[in-house]
Amino acid sequence: MSQNTGASYAAAGVDIEAGDRAVELMKEWVKKTQRPEVLGGLGGFAGLFDASALKKYERPLLASATDGVGTKVDIARQMGVYDSIGHDLVAMVMDDIVVCGAEPLFMTDYICVGKVHPERVAAIVKGIAEGCVLAGCALVGGETAEHPGLLGPDDFDVAGAGTGVVEADRLLGADRTRSGDAVIAMASSGLHSNGYSLVRHVLLEQAGLSLDARIDELGRTLGEELLEPTKIYSLDCLALIHTTEVHAFSHVTGGGLAANLARVIPDGLHATVDRSTWTPAPVFDLVGRTGSVERLELEKTLNMGVGMIAIVPQESVDVALTTLADRGVEAWVAGEITERDDHHTTGAALVGDYAN
């Protein structure tokens with residue numbers, strides 16, 4: 001009896017059975033993210049969210065965002081650590097949503113791999129699910145795609161999209177920012193998920209450092225530092241909104257602190273941030289010193305120790321700082337909003353030198 005040697009999906013490199021096993025492994029983690037508005041379970045063609053929950057709003061505005069985590073995934077791949085990168089994904093999506101005052105509702109993910117390793121995929125989803133819990137949103141669905149021939153067997157990438165809701169008359173942003181407002185900085189957990197092309201080029205390619213190398217100034221290995229998950233501020237920002245008056249938030253991602261802060265500064269006003277109010281974590285100096293990277297370039301690429309900004313009226317400062325401290329968030333007054341004059345050509349600027 002002749003054996004069938006015709007082409008098949010498996011022969012082309014796609015393992016359907018492995019994909020099914022990955023789905024089974026991830027179900028327990030997705031379940032942990034469920035909100036009462038979520039209908040059905042994992043495995044449907046679309047995630048379902050009961051929109052009748054929005055009836056309590058007078059004029060609900062849906063906020064949507066999508067993002068990935070950039071080349072940080074290559075650090076995870078090299079280290080064989082897959083259960084933290086999902087935190088980064090949720091942070092990059094949901095912290096963009098919360099800046100307008102929106103409550104995160106639900107998220108979907110997309111995981112692209114060269115070869116499905118069920119345990120690895122499940123570990124990535126575990127991290128995403130844990131991040132969703134920290135952001136207060138549900139993980140309602142996703143997609144795992146196997147792309148043999150385009151990606152190597154161990155290569156992968158992740159992306160996600162999220163949705164939140166805010167009452168129209170409580171929408172935050174540049175139109176609320178006023179002269180005299182305080183700029184409150186919230187500390188980052190490290191590099192977060194931006195600038196890794198520069199970081200990898202400087203530390204791994206130019207300097208030839210090993211991810212397993214222990215770096216004394218970091219107090220741990222380089223790989224552990226580079227994989228530190230991005231802090232998720234969503235619930236912290238919502239807590240501020242519920243306890244005091246907030247005019248705007250700025251999520252510090254690609255482009256750095258000044259460029260992102262400028263996005264919530266209206267024409268005619270200027271934000272000044274004083275570098276002397278904080279000391280960036282050692283990893284930022286390591287990148288700058290090792291690669292002889294100019295400070296301006298570092299500040300355009302990395303968060304320099306500030307992951308989220310809140311702009312609040314002066315009378316809200318004490319309550320805001322107390323609220324954040326009670327939630328374990330390191331925060332401080334880093335600057336102020338003033339009228340723009342002829343000396344200011346951009347919406348935000350950093351001044352002074354970083355504290356030692």
Using every non-hydrogen atom in the two residues, find where L238 and P104 come nearest and quote the distance to one decimal. CD1-CD, 3.9 Å

Answer yes if L302 and L226 sit in the same cluster of Ile, Leu, Val, Met, Phe, Trp and Tyr residues linked by side chain heavy atoms under 4.5 Å apart, and no otherwise. yes

Is it possible for you to say whether L191 and V81 belong to one hydrophobic cluster, with membership spreading through side-chain heavy-atom contacts below 4.5 Å? yes

Heavy-atom side-chain contact between V333 and T277 under 4.5 Å: no

Backbone N/O of V319 and side chain of T323: donor-acceptor pair under 3.5 Å: yes

Backbone N/O of G219 and side chain of R214: donor-acceptor pair under 3.5 Å: yes

Report yes if some heavy atom in the side chain of P313 is under 4.5 Å from a heavy atom in the side chain of H247; otherwise report no. yes

Has N303 got a side-chain atom pairing as donor or acceptor with G190's backbone, closer than 3.5 angstrom? yes

How far does CD of E217 sit from CD of E225, to the nearest 0.5 angstrom? 9.5 Å

Ring pair (Phe, Tyr, Trp, His ring centres under 6.0 Å) with Y82: which residues, sequence neighbours excluded? F156

Pairing donors with acceptors under 3.5 angstrom, does anything connect the side chains of H201 and Q206? yes

Please tell me if the side chains of D236 and K231 come closer than 4.5 Å, counting only heavy atoms from C-beta onward. yes

Not counting sequence neighbours, list each pair that qualifies as a ring-ring contact (aromatic ring centres under 6.0 Å, His included) and has a residue in residues 203-223. none

Of all pairs that satisfy salt bridge (charged side-chain N to carboxylate O under 4.0 Å, His left out), the ones with a partner from residues 56-65, not counting sequence neighbours: none

Identify each donor-acceptor pair in which a side-chain atom of residues 348-356 lies under 3.5 Å from a protein atom, sequence neighbours left out, and give them as a table.
| from | atom 1 | to | atom 2 | distance (Å) |
| --- | --- | --- | --- | --- |
| D353 | OD1 | R295 | NH1 | 3.1 |
| Y354 | OH | E299 | OE2 | 2.6 |

Shortest non-hydrogen contact from V293 to V287? CG2-O, 3.8 Å

What distance do S179 atom OG and E339 atom CD have between them, rounded to the nearest 0.5 Å? 4.0 Å

Taking CD in E294 as the centre, count heavy atoms belonging to other residues, nucleotides or ligands within less than 6.0 Å. Is the count above 12? no

Restricting to non-hydrogen atoms, name the atom on C137 and the atom on F106 that form the minimum distance, rounded to 0.1 Å. CB-N, 4.0 Å

I'd like a table of donor-acceptor pairs (distance under 3.5 Å, sequence neighbours excluded) in which one partner is a side-chain atom from residues 83-95, with atom names and distances.
| from | atom 1 | to | atom 2 | distance (Å) |
| --- | --- | --- | --- | --- |
| H87 | NE2 | E130 | OE1 | 3.2 |
| D88 | OD1 | K72 | NZ | 2.7 |
| D88 | OD1 | S193 | OG | 3.0 |
| D88 | OD1 | T230 | N | 3.0 |
| D88 | OD1 | T230 | OG1 | 2.6 |
| D95 | OD1 | Y233 | N | 3.1 |
| D95 | OD1 | S234 | N | 3.0 |
| D95 | OD1 | S234 | OG | 2.9 |
| D95 | OD2 | Y233 | N | 3.0 |

Does the side-chain contact (heavy atoms from CB on, under 4.5 Å) test come out yes or no for V166 and Y57, once each step is laid out? CA-CA 8 Å; V166 60; Y57 291 84; over 6 Å; no

If you apply the rule side-chain contact (heavy atoms from CB on, under 4.5 Å), what do you find for T108 with L139, and how did you get there? CA-CA 6 Å; T108 58; L139 181 59; 5.6 Å; no

To the closest 0.5 Å, what do you measure between CZ (R170) and CG (L61)? 12.5 Å

Does a side-chain heavy-atom distance below 4.5 Å link E103 with V98? no

Is there side-chain contact between V158 and Y110, with at least one heavy-atom pair below 4.5 Å? no

For a quick test of reading the model, state the closest non-hydrogen atom pair linking A76 to L227 and the distance between them. N-CD2, 3.8 Å

Using atom types as modelled and distance alone, determine if a side-chain donor or acceptor of T272 lies under 3.5 Å from a backbone N or O of E336. no

Taking every heavy atom of I97 against every heavy atom of C100, the minimum-distance pair comes out as O-SG, 3.2 Å

Name all residues meeting the salt bridge (Lys or Arg N to Asp or Glu O under 4.0 Å) criterion together with E245; count only those two or more places apart in sequence or in a different chain, and write none if there are none. none

Do V252 and I309 have side-chain heavy atoms sitting under 4.5 Å apart? yes

Please name all residues satisfying side chain to side chain donor-acceptor pair (under 3.5 Å) with S292, sequence neighbours left out, ordered by chain then number. none

Is there a side-chain contact (heavy atoms from CB on, under 4.5 Å) between I337 and I265 once you walk through the steps? CA-CA 8 Å; I337 308 298; I265 307 300; 3.6 Å; yes

With side-chain contact (heavy atoms from CB on, under 4.5 Å) as the criterion, how do R120 and D154 come out once you've worked through the C-alpha distance, each side chain's angles and the decisive distance to 0.1 Å? CA-CA 10 Å; R120 292 182 188 177; D154 293 325; 2.6 Å; yes

Measure the shortest side-chain to side-chain distance between L172 and F249 over non-hydrogen atoms and say whether it is less than 4.5 angstrom. yes

Rounded to the nearest 0.5 Å, what's the gap from CE on M308 to CG on L240? Could you check? 10.0 Å

L204 reachable from L198 in the ILVMFWY side-chain graph, under 4.5 Å edges: yes

Would you say the side-chain atoms of R200 pair up with the backbone N or O of I75, donor to acceptor, closer than 3.5 Å? no

Looking at D318, is its backbone amide N or carbonyl O close enough to the side chain of T322 to form a donor-acceptor pair, meaning the two atoms are under 3.5 Å apart? yes

By salt bridge (Lys or Arg N to Asp or Glu O under 4.0 Å), which residues pair with R77, not counting sequence neighbours? D74, D155

Taking the side chain as C-beta and beyond, is there a heavy-atom pair between I111 and D157 under 4.5 Å? no

Non-hydrogen atoms of C112 and L151 that approach each other most closely: SG-CD1, 3.6 Å

CG on D175 to CZ on R178, rounded to 0.5 Å: 7.0 Å

Hydrophobic cluster membership, L257 vs V283, 4.5 Å side-chain cutoff: yes

Ion pair present between R176 and D181, side-chain N to carboxylate O less than 4.0 angstrom? no

Any residue meeting side-chain contact (heavy atoms from CB on, under 4.5 Å) with A331, in chain and number order, not counting sequence neighbours: I184, M186, L321, L324

Counterpart residues, side-chain contact (heavy atoms from CB on, under 4.5 Å), relative to L150 (two or more places apart): H147

Should we say atom CG of D326 is surrounded by more than 12 heavy atoms from elsewhere, each under 6.0 Å from it? yes

Taken in chain and number order and not counting sequence neighbours, the residues that satisfy side-chain contact (heavy atoms from CB on, under 4.5 Å) with T290 are V202, L203, A207, L286

Hey, any chance F284 and W332 share a hydrophobic cluster, counting ILVMFWY side chains that come within less than 4.5 Å of each other, even indirectly? yes

Suppose we screen for side-chain contact (heavy atoms from CB on, under 4.5 Å). Which residues come up paired with N260, at least two apart in sequence or across chains? S250, T253, R263

Can any side-chain N or O of S64 pair as donor or acceptor with the backbone N or O of T163 at less than 3.5 Å? no

